[in-house]
Amino acid sequence: MTQDRSSVVDKGVSKDIHWPAVVCYQGDDELVYLANKMDWLVYCDEAPMLTEGDKLIDSSGRLYDMTEYNGQLFLLDSDGFILFAELLLLVKKNACLVQQVCSAKIDVSHYGQLIDLVRVINIS
C-alpha cells in the first residue's frame, strides 16, 4: 500500500492526539484502552497483527487509521471523527464482550467519558 509520507504520523506521537484513546480492531468488538503516549509506544512494540481498517479513536472522537510502512506501525490522520452514537455502540459491544457491564445502563455525554469507560470495563 503506497502512502503519502507527509500524512504519516510516526508512531502516533502527535500533538493532535487527545489522550486517552482506544484501539478499535476492524470486525472485532474488543477495544484496547491507551492512557497516554507512553501506552501507545508500548502498544507499538507489542502490538498484535493489525489489519487495514483498524483505528485509533482519541478522546475528542478523531479517527486515525493504523497502517504498517516499511515494517513500522504508523497512524494516518483520517481527517474525520466518529459519531458519538457509533462510539457508544462500540463501547456497549466491548462491555458485552467482557461481560462486566449491562450495556443498557451506559449513560455518558461526551467522548472522553466513553473512552474512560473502556478503561473501567476492561479492568473490572
Shared hydrophobic cluster, L89 / V22 (ILVMFWY, side-chain heavy atoms < 4.5 Å): no
About how many Å separate [atom2] of [Y] and [atom1] of [X], when rounded to the nearest 0.5 Å?
X	Y	atom1	atom2	answer
L88	L83	CG	CG	11.5 Å
L75	R62	CG	CZ	12.0 Å
L31	I57	CG	CD1	7.0 Å
W19	I115	CH2	CD1	10.5 Å
D54	Y25	CG	OH	7.0 Å

Shortest non-hydrogen contact from [X] toward [Y]:
X	Y	result
D58	D16	OD2-O, 3.7 Å
K55	M66	O-CE, 3.5 Å
V23	L34	CG2-CD1, 3.6 Å
F81	L63	C-CD1, 3.9 Å

Hey, does the side chain of [X] reach the backbone of [Y] with a donor-acceptor pair shorter than 3.5 angstrom?
X	Y	answer
H110	V108	no
S59	H18	yes
S78	D65	no
N94	L90	no
Q113	S109	yes
Y43	V32	no
D29	K93	no

Heavy-atom side-chain proximity of L114 to F84 below 4.5 angstrom: yes
Partners passing side chain to side chain donor-acceptor pair (under 3.5 Å) against D116 (at least two apart in sequence or in another chain): R119
